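Given the structure is predicted, the values throughout are model-derived calculations rather than measurements.
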Amino acid sequence: MVGMRSSRRLFLRCLRLGHLRRFRFATQLINYIRYARLCIVSLAYNSFTNSDVVIESLFEPVYWLVDHVTRWFGIVFVALVIVLTSSIVLIVYICVLPLIIQTYSTPWIYWHVIYGHWNLIMIVFHYYKAITTPPGYPSQMETDIPSVSICRKCIAHKPARTHHCSICSRCVLKMDHHCPWLNNCVGHYNHRYFFSFCLFMTMGCIYCSFSSRVMFREAYSAIETYNDTPPPTFTFRERMFHKCIIYLWVLCSSVALALGALTLWHAMLITRGETSIERHINKKERKRLESIGKVFYNPYSYGRSGNWKVFFGVERKLHWVTRVALPSSHLPFGNGLTWSAPSWLVNKQPSVLAI
């Protein structure tokens, strides 16, 4: 009897120890899981995290794909611009200009020849300068440059109005955007070339569309008769002439509408003293200050006329001709690191380093 009691006690003790060990194992496992979760959360913690950050993180692979496609196809886009522009110039020289010389009066012929060649020179000059001029980059070696933050990708000082371009993989001074049609960033040193190219290309497309509008209507009416019975007696050269005029008018009109809208958008930004990136930043800041009863002030704006003068580098009236209406390689005002009003600007604003 005593032996049976001892065996029962021993069995109950072993059973209790087994339960305790399983309970301790489960407790330790739960503690390890909680500790791992705490480590992950602590490494990924950000007090600024919200739904926008989560969505942006989820779309990061899409951004990576777009950046790399844009980077490798930039050369294709530049070649496409050159080919399309060259084709329009050839059609004008072969088809449009001879007809103008044959039918127009002498003053109008001089006007078309002078204006057309001036517009073409301005387009070629500013496009070449826009794709070959670096936008400007902050030095990663110097440590005494004025900066407002540290770029989390370059791990270097980032001056005011400087932003990181994921396609170029570096920070750009006064970055506006990365233009695939230039295969280059639009920044401090080539912003004027980019806008001037857009402006003169729009003017050139409008000029070609307007000058060839009568020829377009005649060519379109002729093409509609190609399938008539009996067929019209058009030669191969005449048929090619009709198709070239249709191609010229449709392409120039389409580019004039699209590029004209882009030019107006950038003209509005220049008037306000903003870049495309700053437009979105300032819009959010303006709403935030309005919610607390304050007024937003753009420290980089020198007034409407002042912003245009600073953008084009117009120090005196003659510069509107020599620096705006004629090709000019003058540097923009400032070094892109600090921002203060020029000495020649009337109604100067106080020196500002950053927002």
Side-chain angles (χ1 to χ4, degrees), residues 74-90 92-93 112-137 165 168 172-211 248 251-271 273-276 307-315 318-334 336:
I75 299 176
V76 177
F77 291 148
V78 171
L80 186 62
V81 171
I82 296 174
V83 170
L84 293 178
T85 305
S86 301
S87 65
I88 295 297
V89 172
L90 286 175
V92 169
Y93 273 113
H112 280 286
V113 171
I114 294 173
Y115 175 82
H117 285 87
W118 168 79
N119 202 341
L120 178 61
I121 291 172
M122 297 298 286
I123 291 173
V124 174
F125 171 80
H126 287 103
Y127 188 68
Y128 172 78
K129 297 294 289 185
I131 63 178
T132 58
T133 303
Y137 310 104
C165 177
C168 297
V172 177
L173 297 176
K174 192 194 169 188
M175 179 179 175
D176 187 272
H177 69 287
H178 185 95
C179 181
W181 300 102
L182 303 179
N183 194 29
N184 196 6
C185 263
V186 177
H188 178 62
Y189 288 101
N190 65 349
H191 195 179
R192 177 177 65 88
Y193 297 129
F194 164 77
F195 177 78
S196 297
F197 164 71
C198 292
L199 176 63
F200 289 112
M201 178 62 85
T202 301
M203 293 171 57
C205 290
I206 293 174
Y207 164 74
C208 290
S209 298
F210 186 79
S211 300
L248 179 144
L251 180 60
C252 289
S253 300
S254 302
V255 173
L257 290 175
L259 194 58
L262 180 65
T263 304
L264 290 175
W265 164 256
H266 280 278
M268 183 270 294
L269 294 177
I270 296 170
T271 304
E274 298 176 330
T275 62
S276 298
N307 290 332
W308 283 100
K309 290 179 180 179
V310 172
F311 180 79
F312 282 117
V314 177
E315 301 180 20
L318 183 62
H319 286 167
W320 287 108
V321 177
T322 59
R323 293 187 172 184
V324 179
L326 293 176
S328 176
S329 299
H330 67 279
L331 294 175
F333 174 78

Q. Heavy-atom distance under 4.5 Å between the side chains of H191 and P332, does that happen here?
A. no
Q: Nearest 0.5 Å please: distance from the SG atom of C185 over to the NZ atom of K174.
A: 14.0 Å
May I have the list of side-chain donor-acceptor pairs in residues 195-203 shorter than 3.5 Å, sequence neighbours left out?
residue: S196; atom: OG; partner: R192; partner atom: O; Å: 2.9
residue: T202; atom: OG1; partner: C198; partner atom: O; Å: 2.7
residue: T202; atom: OG1; partner: T263; partner atom: OG1; Å: 3.4

Q: May I ask you to test the W265-S276 pair for a side-chain heavy-atom distance under 4.5 Å?
A: yes
Q. So, for E315 and H319, which heavy atoms are closest and what is the spacing to 0.1 Å?
A. N-ND1, 3.1 Å
Q: Heavy atoms only: give me the nearest M122-P327 pair and the separation to one decimal.
A: SD-CD, 3.5 Å
Q. Quick check, are the ring centers of F194 and H178 under 6.0 angstrom apart?
A. no
Q | Approximate separation, where rounding is to 0.5 Å, of L262 CG and C179 SG | A | 8.0 Å
Q: Calculate, to the nearest 0.5 Å, the distance between atoms CG and OH belonging to L120 and Y115 respectively.
A: 11.5 Å
Q: Nearest 0.5 Å please: distance from the CG atom of L251 over to the CD1 atom of I88.
A: 4.5 Å
(Q) As a quick check of understanding, evaluate side-chain contact (heavy atoms from CB on, under 4.5 Å) for V78 and W181, giving each step before the final call. (A) CA-CA 5 Å; V78 171; W181 300 102; over 6 Å; no
Q. What pair of heavy atoms forms the shortest contact from G74 to N183, and how long is it?
A. CA-OD1, 3.4 Å
Q | Closest non-hydrogen atom pair, N184 against A130 | A | ND2-O, 3.2 Å
Q. Can you name the closest pair of heavy atoms from R323 and G313 and give their distance?
A. NH1-O, 2.6 Å
Q. Can you list the steps and then say if I131 with L182 is a side-chain contact (heavy atoms from CB on, under 4.5 Å)?
A. CA-CA 5 Å; I131 63 178; L182 303 179; 3.7 Å; yes
Q: Working to the nearest 0.5 Å, report the span between SG of C252 and CG of L257.
A: 11.5 Å
(Q) Working note: Y193 + S329, criterion side-chain contact (heavy atoms from CB on, under 4.5 Å); need CA distance, chi angles, decisive distance, verdict. (A) CA-CA 9 Å; Y193 297 129; S329 299; 3.9 Å; yes
(Q) If we ignore hydrogens and angles and just use 3.5 Å, is the side chain of N190 paired with the main-chain N or O of G187 as donor and acceptor? (A) yes
Q) Above 12 or not: heavy atoms from other molecules or residues under 6.0 Å from OH of Y128? A) no
Q: Considering non-hydrogen atoms only, spot the tightest contact between P134 and T132 and give its length.
A: CD-O, 3.4 Å
Q. So, do P135 and H188 sit near enough that their side-chain heavy atoms are less than 4.5 Å apart?
A. no
Q: Count the heavy atoms belonging to other residues, nucleotides or ligands that lie under 6.0 Å from CG of L84, then report whether that count exceeds 12.
A: yes
Q) What is the ring orientation for W308 with F312, classed by angle as parallel under 30°, tilted 30 to 60°, or perpendicular over 60°? A) parallel
Q: Start with the C-alpha distance between H117 and Y93, add both sets of side-chain angles, then the distance that settles ring-ring contact (aromatic ring centres under 6.0 Å, His included), and finish with yes or no.
A: CA-CA 11 Å; H117 285 87; Y93 273 113; 5.7 Å; yes
Q: Can you measure from CG (L259) to CD1 (I206) and round to the nearest 0.5 angstrom?
A: 9.5 Å
**Q.** Side-chain donor or acceptor of S209 paired with backbone N/O of S253 under 3.5 Å
**A.** yes
